[in-house]
Student: 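Mind looking over this structure? Questions follow.
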Amino acid sequence: MKKDYKINYAFLMYDIADEESEAGKRRVNKVFKICKKYLNHHQKSVFRGEITPSNLIKLQKELKNAIDENLDFITVIKLKNKESFLEDTIGKKGNGLFI
């Protein structure tokens, strides 16, 4: 199956293990800063936004270097554009109940 590289929009979610330890806190801060450089912050550990294919590659490479691959988890959902999905929002954004 041929890969389609016309990716222009992405959702990124992460779960950094051991957030209470100093090493975990550093990884969380580092991952947050890297994600914020390329995408818009949407929710606590969720980012999304328009991104070029080359920036997506850079983002994933930086994240791979920042995390502990044996402990942490990051997933990226790639889309062709922001019109290619439907979104339902429940609750008020920013009050901690946003899902």
Side-chain angles (χ1 to χ4, degrees):
M1 185 171 165
K2 185 177 178 184
K3 280 192 170 186
D4 186 355
Y5 293 102
K6 295 177 185 169
I7 303 301
N8 291 309
Y9 201 89
F11 286 87
L12 184 146
M13 295 147 264
Y14 61 80
D15 187 13
I16 305 301
D18 201 18
E19 288 185 40
E20 301 304 318
S21 72
E22 287 303 314
K25 288 178 186 175
R26 279 194 300 275
R27 289 198 317 275
V28 168
N29 289 334
K30 198 169 188 174
V31 166
F32 184 88
K33 287 178 183 176
I34 292 168
C35 292
K36 196 161 177 72
K37 193 164 65 171
Y38 294 97
L39 297 168
N40 301 314
H41 188 218
H42 185 66
Q43 198 175 2
K44 185 176 178 183
S45 58
V46 178
F47 286 80
R48 65 189 247 186
E50 293 182 15
I51 189 165
T52 64
S54 62
N55 277 345
L56 185 58
I57 292 169
K58 289 178 191 174
L59 168 65
Q60 290 178 310
K61 186 175 181 179
E62 287 183 45
L63 289 172
K64 189 172 182 171
N65 291 331
I67 66 168
D68 182 332
E69 292 188 59
N70 294 317
L71 300 173
D72 305 328
F73 174 80
I74 296 175
T75 189
V76 179
I77 299 171
K78 305 168 194 171
L79 302 164
K80 290 186 177 184
N81 56 53
K82 64 182 173 184
E83 284 80 31
S84 61
F85 66 94
L86 297 174
E87 179 177 17
D88 293 326
T89 302
I90 301 170
K92 182 180 175 186
K93 184 177 180 180
N95 66 1
L97 299 174
F98 183 71
I99 57 172

Student: Residues two or more places apart in sequence or in another chain: which of them pass side-chain contact (heavy atoms from CB on, under 4.5 Å) with K33?
Tutor: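 Listed in chain order: nothing, the list is empty.
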Student: Considering residues at least two apart in sequence or located in another chain, which fulfil the side-chain hydrogen bond (donor to acceptor under 3.5 Å, both in side chains) criterion with Y14?
Tutor: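 Y14 satisfies side-chain hydrogen bond (donor to acceptor under 3.5 Å, both in side chains) with no residue once adjacent residues are dropped.
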Student: With a cutoff of under 4.5 Å between side-chain heavy atoms, which Ile, Leu, Val, Met, Phe, Trp and Tyr residues group with I57?
Tutor: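 When side chains under 4.5 Å apart are linked, I57 ends up in no cluster with other residues.
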Student: Under the side-chain hydrogen bond (donor to acceptor under 3.5 Å, both in side chains) test, which residues partner D68, sequence neighbours left out?
Tutor: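 Residues passing side-chain hydrogen bond (donor to acceptor under 3.5 Å, both in side chains) with D68: none at all.
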Student: Tell me the closest heavy-atom pair linking I77 and M13, and the distance in Å.
Tutor: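 Heavy-atom minimum between the residues: CD1-CE, 3.5 Å.
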Student: Filter on ring pair (Phe, Tyr, Trp, His ring centres under 6.0 Å), then keep only pairs touching residues 44-77, sequence neighbours left out; what's left?
Tutor: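 Those involving residues 44-77 are F32-F47, H41-F47.
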Student: Mind checking salt bridge (Lys or Arg N to Asp or Glu O under 4.0 Å) for K58 and listing every partner two or more places apart, or none if nothing turns up?
Tutor: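 Scan of K58 (salt bridge (Lys or Arg N to Asp or Glu O under 4.0 Å), adjacent residues dropped) gives none.
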Student: Can you pull out every side-chain hydrogen bond (donor to acceptor under 3.5 Å, both in side chains) where at least one residue sits in residues 22-32? Sequence neighbours excluded, please.
Tutor: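 Non-adjacent pairs meeting side-chain hydrogen bond (donor to acceptor under 3.5 Å, both in side chains): R27-D72.
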Student: Could you pull out all residues at least two apart from K37 that satisfy salt bridge (Lys or Arg N to Asp or Glu O under 4.0 Å)?
Tutor: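 With neighbours one apart ignored, the set is E62.
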Student: Restricting to ring pair (Phe, Tyr, Trp, His ring centres under 6.0 Å), what partner residues turn up for F11, sequence neighbours left out?
Tutor: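 With neighbours one apart ignored, the set is Y9, F85.
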Student: Of all residues at least two apart in sequence or in a different chain, which pass the side-chain hydrogen bond (donor to acceptor under 3.5 Å, both in side chains) check with S84?
Tutor: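 Checked S84 against side-chain hydrogen bond (donor to acceptor under 3.5 Å, both in side chains); zero matches.
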Student: Please identify each residue that fulfils side-chain contact (heavy atoms from CB on, under 4.5 Å) with S54, with sequence neighbours left out.
Tutor: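 By the side-chain contact (heavy atoms from CB on, under 4.5 Å) rule, S54 matches T52.
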Student: List the residues meeting ring pair (Phe, Tyr, Trp, His ring centres under 6.0 Å) with Y38, not counting sequence neighbours, and say none if there are none.
Tutor: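 Once residues adjacent in sequence are excluded, Y38 has no partner under the ring pair (Phe, Tyr, Trp, His ring centres under 6.0 Å) criterion.
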